[in-house]
Amino acid sequence: MTDTINGYARRWWKEAVVYQIYPRAFKDSNGDGIGDLKGILEQVPYIKGLGVDVVWLSPHFDSPNADNGYDIRDYRQVMAEFGDMADFDALREALHAAGIKLIIDLVVNHSSDEHAWFVESRSSRDNPYRDYYIWHPGTDGAPPNNFTSIFTGSAWQKDEPTGDYYLHLFAVKQPDLNWDNPKVRAEVHDLMRFWLDRGVDGFRMDVIPFISKRPGLPDLTEAQRAKPQFVYSDGPRVHEYLQEMRREALAPYDTLTVGEAFGVTLDQTPLFVDDRRGELDMIFQFDVVEIDRDAQGKWTPWRLQDFKAIFSRHDAALDAHCWPTVFFSNHDNPRVVSRYGDDRPQWRELSAKLMATLLLTLKGTPFIYQGDELAMTNYPFTDISQFDDLWIKGQWREEVESGRITADAFLANQMKISRDHARTPMQWTPGANGGFTTGKPWLAVNPNTAAINAEHALTQTASVYHYFAEMIALRKTHAALVYGDYRDLLPDHPQVFAFTRTTPDETLLVALNFSDTDVTVDLPHGIRMAGNYADERPALRGWEARVTRL
Ligand code: GLC
Ligand code: CA
């Protein structure tokens with residue numbers, strides 16, 4: 001495809017809808033309580049039924065699972081709990097046969113401390129792999145600088161036998177690779193080719209802006225310490241490395257690349273995605289998912305006006321050489337319906353459909369996270385022992401065990417923001433463990449599986465699942481929903497989000513009521529294309545979503 005629509009070069013990945021799978025929590029095929037590749041294979045028809053074009057698989061590589069696979073021990077092996085390479089090939093084949101592309105997670109800012117490179121690297125100062133990681137003797141018996149790990153605590157770990165410190169911007173078991181070493185970059189290009197040659201269609205790149213470290217590793221200022229990601233993402237060589245990666249590894253293949261751009265500001269976004277630069281196709285920029293976080297990263301209420309303003313701001317800042325993503329959730333965020341919608345029984349499905357309408361009508365490639373098509377909700381956590389996430393455990397030690405805040409305050413915040421809300425197993429049936437496993441699940445299944453499950457959704461024509469399918473189909477038949485100009489009609493309205501998408505051929509109007517009360521707004525009339533209520537009334541009813549053609 002080389003033609004343009006509305007000034008945008010057409011690309012398959014701009015027109016695609018992506019579905020993210022977190023394998024551990026998707027479907028267990030052998031009763032060990034852990035989701036696996038055969039489980040995903042069984043559910044290819046379910047995925048296909050949504051009409052998505054691409055599956056993004058969260059890490060499926062050999063890993064000791066300190067961070068559920070985001071700590072890779074061997075980039076060329078499949079995690080034993082998930083199956084083997086034959087299972088991977090079978091899944092890729094089945095997806096391709098269903099017309100679905102497969103992208104995998106490239107986690108190369110860091111590896112596991114159990115990776116052979118690190119085992120060598122830590123063994124002595126003159127080991128040939130020493131420079132694969134970032135080592136420092138420390139200063140006066142203390143860590144080299146005040147960098148904090150994203151997962152709490154110092155980002156430096158003193159290591160025997162050498163007594164030097166290594167850098168880990170995430171967990172202690174996730175040492176940062178030294179990208180300034182050309183051998184490391186060549187290794188990464190090589191492992192990318194390994195998977196591309198096995199038929200994968202691209203990569204989601206984990207915390208990719210962090211790969212270049214600031215020379216001299218200067219201390220963070222007090223202000224930077226609360227959100228160090230804005231420093232870690234801003235190393236001087238990141239663009240050089242991404243351009244090299246494009247040339248050395250990606251160029252011969254027809255891929256989709258999307259970088260997880262933690263710490264990247266809107267101003268910096270074109271540097272990563274402008275199509276004349278040869279870096280990434282798209283990034284996940286964090287403005288939307290940080291809307292309800294305060295300066296310390298704690299939960300804070302959000303306002304619709306601020307939420308809407310993000311999309312206008314992004315649209316104004318990105319020209320036709322840049323392509324956005326749209327995502328409201330993933331394995332690091334709470335559930336969409338509990339966070340942006342209303343998960344009380346009378347509004348859950350309506351508000352989930354409203355969020356689906358928004359996801360699939362904004363400008364940018366939409367990413368659906370598993371279970372959001374069922375309007376799965378946050379989990380009713382009541383105790384620290386119910387969580388799995390190492391981040392939460394670190395925060396608990398730092399904040400509660402130190403006496404800084406109470407357990408109740410801690411849990412109240414985590415009820416809003418915990419990553420584990422997204423990681424509870426998929427709810428397939430109303431039965432035991434939601435049909436996820438015949439064994440004991442690694443993380444508890446939400447008790448509301450009795451009412452919220454795929455089996456039920458598939459039989460109901462009005463289900464959220466079928467609504468997603470309908471909205472995906474609508475997006476596919478209206479180029480305006482992909483490439484159309486974006487205009488917010490009511491930026492200051494506190495309850496209603498209303499915008500148009502326009503190409504020279506047509507204008508579609510999207511009207512969304514982000515509240516549980518009727519509201520009347522003055523909007524142009526048109527022909528109804530989709531909506532989450534069966535009929536049309538002058539007022540927008542609670543959580544009503546409508547798409548009309550003007
Ligand atoms: C990314 C992943 C997250 C992981 C972290 C470290 O943010 O999405 O799940 O914990 O990187 O790899
Ligand atoms: Ca299993």
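Just so you know, ligand 1 is whichever comes first in the structure, and atom 1 is the first atom listed for that ligand.
- For N178, there are no side-chain hydrogen bond (donor to acceptor under 3.5 Å, both in side chains) partners, not counting sequence neighbours.
- With Q427 contributing its side chain and I452 its backbone, the two residues share a donor-acceptor pair below 3.5 Å.
- Residue pairs meeting the salt bridge (charged side-chain N to carboxylate O under 4.0 Å, His left out) criterion with at least one member in residues 425-445: none, sequence neighbours excluded.
- For Y70 and W391, the ring centers sit 6.0 Å or farther from each other.
- Checked against the 6.0 Å centroid criterion, the rings of F387 and F381 qualify as a close aromatic pair.
- Less than 3.0 Å away from the Ca ion (ligand 2), the protein contributes these N/O/S atoms: D28 OD1, N30 OD1, D32 OD1, I34 O, D36 OD2.
- Using a cut-off of 4.0 Å between Lys/Arg side-chain N and Asp/Glu carboxylate O, D71 and K173 are scored as not salt-bridged.
- Protein residues having at least one heavy atom under 4.0 Å from any atom of ligand 1 are D67, Y70, H110, F151, F170, Q174, R204, D206, V207, E260, H331, D332, R419, R423, listed by chain and number.
- Taking a cutoff of 4.0 Å between a charged side-chain nitrogen and a carboxylate oxygen, D281 and K14 do not qualify as a salt bridge.
- A salt bridge does not link R335 with D343: none of the charged nitrogens is closer than 4.0 Å to a carboxylate oxygen.
- For F272 and H239, the ring centers are positioned less than 6.0 Å apart.
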